[in-house]
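Notes follow once the structure below has been shown.
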Amino acid sequence: MNKALRKAVIAGNWKMNMTPSQATALINEMKPLVADAKCDVVLCVPFVDIAAAVEAAKGSNIKIGAENVHFKASGAFTGEISAEMLKEAGVEYVVVGHSERRQYFGETDQTVNLRSLAALNAGLKPIICVGETLEQRELGYTETLLKFQTKMALTNVTADQLKDVIIAYEPVWAIGTGVTATADQADEGNGYVRQAIAEAYGEEAAQAVTVQYGGSMNAKNAAELVSKVNVDGGLIGGASLKAQDFSVIVKAASAE
Ligand code: 13P
C-alpha cells in the first residue's frame with residue numbers, strides 16, 4: 001500500500017443546487033480558502049452552472065466537473081448532454097453512476113460503463129460512483145457488489161485510460177443521511193474497489209488509482225477518513241455547498 005503513488009482529490013457534488021449566479025458567488029468565496037491546497041480540488045456542478053463556474057474558477061486551482069454525461073456522441077436524445085459538449089464548455093471531470101441516478105433515473109452498471117467510456121474517449125476524467133445499499137450490506141454482499149460494480153464500470157477501459165479514472169465509494173446508506181461510514185468501513189470499501197482494479201489491471205496499476213470516499217463527509221470527520229491508506233480524498237455533497245466547510249475538508253486532504 002502506498003498512498004504517495006496517488007494524488008488525493010476532493011470533489012464537490014452540488015447535485016440539484018445553486019443557480020448560475022449562486023455558483024459564481026460560492027466559487028468566488030471558495031477560491032482564496034482553497035488556494036494553497038495540496039490535493040486536487042474539483043466542483044461538479046449542474047449543467048446550466050458550468051459556464052458561470054468555469055468563468056469564476058479561471059486562474060484558480062479549482063477545476064470544474066459535470067454531474068452526468070450521455071454515452072452517445074450526438075443524436076436524438078432530448079435533454080441529454082454529450083462528452084464533447086462538456087469538454088468544449090471547459091469541463092475536466094464528470095460524475096458517472098451516482099447512486100441517485102441509479103436509484104431514480106434507471107442507471108445500470110452497463111450504462112455507467114458506457115458513460116465512463118464516452119467520458120474517457122473525449123478526454124474527460126470520470127468520477128465513477130459505486131456503493132452498496134444498507135440491505136446489501138446487511139446481507140453480507142458489500143465486497144461482492146463493490147467488486148462487481150467496479151469491474152462492470154471499467155469494462156473495455158484500457159490500462160492507459162485507467163490513469164484518468166477516479167472511483168468514489170459511496171455507501172448508499174451514508175449519502176445525505178448524516179450517517180457516515182466509520183473510517184474503517186470507508187477504508188475497507190475503498191480497499192475492495194482497489195482489489196477489483198488489481199484483479200483486472202494488476203497491483204501496480206491499482207495502486208495508482210485515486211479512490212475517494214463519499215457519504216456525509218464533512219468538516220468534522222474528513223481528517224479521520226482521509227487519513228486511511230485507501231481513502232484518497234472524497235466526493236462531498238452537502239458540505240460542498242458551504243465554502244468554509246469545503247475548505248476544511250480540502251485542508252484535511254492536503255495534510256495527508
Ligand atoms: P452527502 O455528502 O450530502 O452525503 O452526499 C454525498 C454524495 O452523494 C456525493 O456524491
Side-chain angles (χ1 to χ4, degrees), residues 8-18 22-23 26 30 34 39-47 49-50 53 62-69 91-105 107 112 115-116 119 124-134 136-137 142 145-146 149-150 153 165-183 185-186 189-190 193 210-226 228 231-253:
V9 180
I10 295 293
N13 172 12
W14 285 0
K15 308 191 180 185
M16 197 172 74
N17 294 291
M18 297 283 142
Q22 289 169 338
L26 182 55
M30 278 180 181
V34 301
C39 59
D40 284 346
V41 181
V42 181
L43 292 173
C44 299
V45 306
F47 291 133
D49 292 349
I50 288 170
I62 298 176
K63 300 184 173 109
I64 302 304
E67 297 180 15
N68 194 15
V69 59
V91 162
E92 293 179 56
Y93 294 80
V94 59
V95 177
V96 173
H98 192 279
S99 65
E100 286 149 16
R101 298 219 60 90
R102 293 179 191 253
Q103 268 179 294
Y104 307 135
F105 301 101
E107 194 76 64
V112 171
R115 289 181 209 280
S116 301
L124 297 172
K125 295 179 174 140
I127 301 176
I128 304 170
C129 302
V130 298
E132 82 288 0
T133 63
L134 188 58
Q136 288 162 339
R137 171 167 284 266
T142 301
L145 188 97
L146 290 180
Q149 286 185 340
T150 301
V165 168
I166 295 173
I167 310 267
Y169 167 49
E170 298 208 313
V172 177
W173 47 270
I175 294 175
T177 56
V179 181
T180 317
T182 64
Q185 284 172 326
N190 283 29
V193 169
T210 295
V211 184
Q212 300 173 316
Y213 167 78
S216 299
M217 198 192 260
N218 58 39
K220 286 205 176 82
N221 59 29
E224 193 190 352
L225 287 162
V226 299
K228 290 293 177 180
V231 181
D232 311 313
L235 186 56
I236 326 295
S240 74
L241 300 170
K242 297 177 197 143
Q244 198 65 43
D245 288 16
F246 189 66
S247 74
V248 171
I249 298 171
V250 167
K251 281 190 178 69

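Position 1 is the first residue of the sequence; numbering continues from there. Counting starts at 1 for both ligands and their atoms, following the listed order.
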Could an N or O of ligand 1 be found under 3.5 Å from any N or O of Glu170, whether backbone or side chain? yes
With nothing but distance in play, are any N or O atoms of Glu100 less than 3.5 Å from an N or O of ligand 1? no
Can you figure out which of Gly131, Gly237, Ala11, Ser240 has its heavy atom closest to atom 6 (C) of ligand 1? Gly237
The answer for which part of Ala168 has a heavy atom under 4.0 Å from ligand 1 is neither
Would you give the length of the straight line joining atom CE of Met217 to atom CD1 of Ile175, rounded to the nearest 0.5 angstrom? 12.5 Å
Within the distance-only criterion (no hydrogens, no angle test), does the side chain of Asp49 pair as donor or acceptor with the backbone N or O of Gln22 below 3.5 angstrom? no
Ligand 1 contact on Ile175 by region, counting heavy-atom pairs under 4.0 Å: both
Does some side-chain heavy atom of Pro46 sit less than 4.5 Å from a side-chain heavy atom of Met16? no
For Ser216, the ligand 1 atoms with a heavy-atom partner under 4.0 Å come out as 1 (P), 2 (O), 4 (O)
Min N/O separation Gly215 to ligand 1 under 3.5 Å: no
For Glu107, the option from His98, Arg101, Glu100 that meets side-chain contact (heavy atoms from CB on, under 4.5 Å): Arg101
If you take all heavy atoms of Asn190 and Val211, which pair is closest and at what distance? ND2-O, 3.1 Å
To the nearest 0.5 Å, what is the distance between CD on Gln212 and CD1 on Ile236? 7.5 Å
How far does CD of Glu170 sit from CG of Leu235, to the nearest 0.5 angstrom? 4.5 Å
Would you please determine whether Ala239 falls within less than 4.0 Å of ligand 1 on a heavy-atom basis? no
Using distance alone, determine whether Gly238 and ligand 1 share an N or O pair under 3.5 Å. yes
In ligand 1, the atoms that come under 4.0 Å of a heavy atom of Asn13 are 9 (C), 10 (O)
Could you list the atoms of ligand 1 found under 4.0 angstrom from a heavy atom of Ala174? 4 (O)
Qualifying residue for side-chain hydrogen bond (donor to acceptor under 3.5 Å, both in side chains) with Tyr169, from Gln185, Glu132, Gln149: Glu132
Looking only at distance, does Gly214 have an N or O less than 3.5 Å from an N or O of ligand 1? no
Between Phe47 and Asn68, is any pair of side-chain heavy atoms under 4.5 Å apart? yes
Heavy-atom nearest neighbour of atom 5 (O) of ligand 1 within options Gln212, His98, Glu67, Lys15: Lys15
